[in-house]
Structures are given as C-alpha cells and as structure tokens.
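Inspection log for the structure reproduced underneath, given as structure tokens.
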Amino acid sequence: MSDGGVPEDAEGVAPVIPLFGGRRAAARRADTADSTTAAAAATGRDAGDAAPIDLVPRWRSTWHDDRPEPAAAAAPVRGPRFVADTGDDRGEGDVEPDPAEQVEAAERMLLKKLRARQLSVSEARSALVAYELPAVDVEQLIDDCLRRGYLDDARLAEQLIHAGSERKGQGRRAIAQTLSARGIPRDVVDVALAEQPDDDAERALEFARTKARQLSHVDEAAALRRLMGQLSRRGYPGSVAATAARAALAENRSGGGVRFR
C-alpha cells in the first residue's frame with residue numbers, strides 16, 4: 001500500500017492525494033486522542049466526558065457572511081385609542097348634577113333673556129325646556145317672574161300694539177298675528193285690541209299718503225295696484241286698503257304729485 005492508501009501494484013490508477021495529510025493527519029488525531037485520554041485520567045473523568053479538541057481546521061465556503069444579523073424591526077408605536085362620541089359627556093365617575101344647581105342656572109339664564117327683551121309666558125317656558133327641569137320647578141320659576149313683574153302678557157301686548165300701529169303702520173289684523181306669534185293667549189290679545197281705537201281707515205290713509213308720492217312715474221292703474229298691495233300686507237282689510245289708496249292717489253294728482261297718463 002502506498003502512503004495514499006492505493007495498492008503499489010495498481011497500474012493506470014491515478015494516485016489519491018489526501019486532502020488533510022493522509023497518514024500524518026491520522027497520526028495527529030491519534031496523538032490528540034491519547035492526550036485527551038491522559039487529561040481525563042488526571043482529572044478523574046472518563047475519556048468520553050472530555051471535550052474533544054479539534055485541531056483540523058473546519059472548511060468554510062467563500063461566500064459565508066460574517067456580518068451580524070440585522071436587528072428585528074421595532075414594533076410600531078400605537079397612538080391613543082379614541083372612543084366614538086355617543087353624545088353623553090358624562091364619564092363613568094361623574095355624578096348626577098345637583099337639581100338645586102340646575103334650577104339656579106335656569107333662573108340666571110331666564111333673567112338674562114328678560115334683561116335683553118320682554119318675553120311672553122309661553123316664550124319663557126320654551127326657554128326653560130333645555131334645562132329639563134321637573135314641571136313643578138318650571139312653574140315655580142314662572143310664578144316668581146310673574147310675581148316680580150318680569151313677565152306680563154298684557155303689558156307685552158300693549159307694547160307690540162303700539163309698535164305695530166305707530167312705527168310700522170300695521171292694521172289690526174297684522175297686529176293680532178304678531179301677538180299670536182309671540183305666544184300671547186287669545187283672550188289677552190282680544191282685550192288689548194278692544195282697548196285700542198278702531199282707526200284702521202285713518203292709519204291706512206296716512207300710510208298711503210307717504211307711499212303715493214313715490215309712485216309719480218307710474219300710471220294710475222299700476223299705482224293703485226301697488227299701493228293696495230302694500231296696505232294689504234300690513235294687515236288692512238281689502239275695502240279699507242282700496243279706499244285709502246284711491247284717496248291718497250287723488251290727493252297727489254290734484255296737487256301735482258302723481259301724473260297719470
């Protein structure tokens with residue numbers, strides 16, 4: 001046998017060259033085993049328990065990457081969770097509001113509104129609805145305002161009648177509609193109107209005179225139609241509006257205010 005483990009008399013066979021030294025590598029491994037056994041005997045351990053010493057270099061591929069493994073991606077940071085708004089502002093730890101404090105808050109609100117403008121009793125009740133007070137508390141607040149004179153439907157009706165007749169030139173029908181829209185009871189409206197003079201014809205004529213001067217460039221039929229429409233929108237009956245419109249246009253025609261073609 002040759003050093004490479006090939007018979008010497010083999011002809012035509014290429015010799016096998018050991019990669020790691022052939023017999024010399026085997027001899028070194030044997031020496032290493034003997035050294036391991038001796039070391040184990042010296043320490044009182046079995047030779048099989050001793051860790052072998054690998055003197056033969058291990059083969060590595062040329063493409064092996066010695067760089068460290070990349071760190072794992074950090075977990076995404078989650079923001080705060082939001083709870084859908086259910087319309088209820090009270091939290092789990094909130095307590096129910098004090099009924100007395102609710103009444104006081106409603107009273108302050110009502111007095112603030114009354115300082116800004118006069119309210120009817122119906123309007124005051126409507127303003128208190130937002131506070132969801134018991135009926136007995138609502139009536140108590142209304143009674144207190146009535147006793148102090150803060151609420152007075154009759155006085156409010158007189159003020160609205162004066163504003164409608166003197167400043168706006170309205171007739172009784174338009175004034176009655178205004179009082180009803182403010183929530184004043186019908187019986188209070190009837191009493192307030194009954195105390196006023198029945199002078200719709202005079203007030204209609206006075207209003208028609210102020211408007212007739214602005215219709216000088218319009219023919220007679222168009223001027224009459226426009227003037228009657230203005231009077232009707234202010235609550236004057238049709239007959240009263242027609243009479244006042246014709247009289248006002250006739251006065252302007254004789255005075256040269258309106259020229260008819």
To the nearest 0.5 Å, what is the distance between [atom1] on [X] and [atom2] on [Y]?
X    : Y    : atom1 : atom2 : value
R226 : L231 : CZ    : CG    : 14.5 Å
R125 : L128 : CZ    : CG    : 9.0 Å
Q196 : I175 : CD    : CD1   : 7.5 Å
R172 : I161 : CZ    : CD1   : 8.0 Å
L179 : E158 : CG    : CD    : 10.5 Å
L193 : D198 : CG    : CG    : 10.5 Å

With a 4.5 Å cut-off on side-chain heavy atoms, are [Y] and [X] touching?
X    : Y    : answer
E206 : E202 : no
L141 : V103 : yes
C145 : L114 : yes

Using side chain to side chain donor-acceptor pair (under 3.5 Å) as the criterion, list what pairs up with R147, not counting sequence neighbours.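 D144.
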What are the two closest non-hydrogen atoms of [X] and [Y], and how far apart are they?
X    : Y    : result
L224 : A245 : CD1-CB, 3.7 Å
A106 : L133 : CB-CD1, 3.6 Å
A244 : A208 : O-CB, 3.7 Å
L249 : A223 : CD1-C, 3.9 Å

[X] side-chain N/O to [Y] backbone N/O, donor-acceptor pair under 3.5 Å:
X    : Y    : result
T210 : F207 : yes
R203 : Q170 : yes
D200 : Y236 : no
S120 : D153 : no
R155 : G149 : yes
T243 : S239 : yes

Which residues share a salt bridge (charged side-chain N to carboxylate O under 4.0 Å, His left out) with R234, sequence neighbours left out: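 So R234 forms no salt bridge (charged side-chain N to carboxylate O under 4.0 Å, His left out) with any residue.
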Co-membership, hydrophobic cluster, residues [X] and [Y], 4.5 Å side-chain:
X    : Y    : answer
V188 : L151 : no
Y150 : I142 : yes
M109 : V138 : yes

Could you walk me through whether E132 and Q102 pass the side-chain contact (heavy atoms from CB on, under 4.5 Å) check? CA-CA 9 Å; E132 299 181 354; Q102 283 187 298; 5.7 Å; no
Mind running side-chain contact (heavy atoms from CB on, under 4.5 Å) on V191 and D187 for me, showing each step along the way? CA-CA 6 Å; V191 172; D187 57 340; 5.6 Å; no
Criterion side chain to side chain donor-acceptor pair (under 3.5 Å) against E251, the qualifying member of R246, R209, R213: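 Single side chain to side chain donor-acceptor pair (under 3.5 Å) partner of E251 among R246, R209, R213: R209.
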Run the salt bridge (Lys or Arg N to Asp or Glu O under 4.0 Å) test on E123 and K113 for me, step by step, so that the C-alpha distance in whole Å, both residues' side-chain angles and the decisive distance to 0.1 Å come before the verdict. CA-CA 10 Å; E123 290 172 335; K113 285 183 174 293; over 6 Å; no
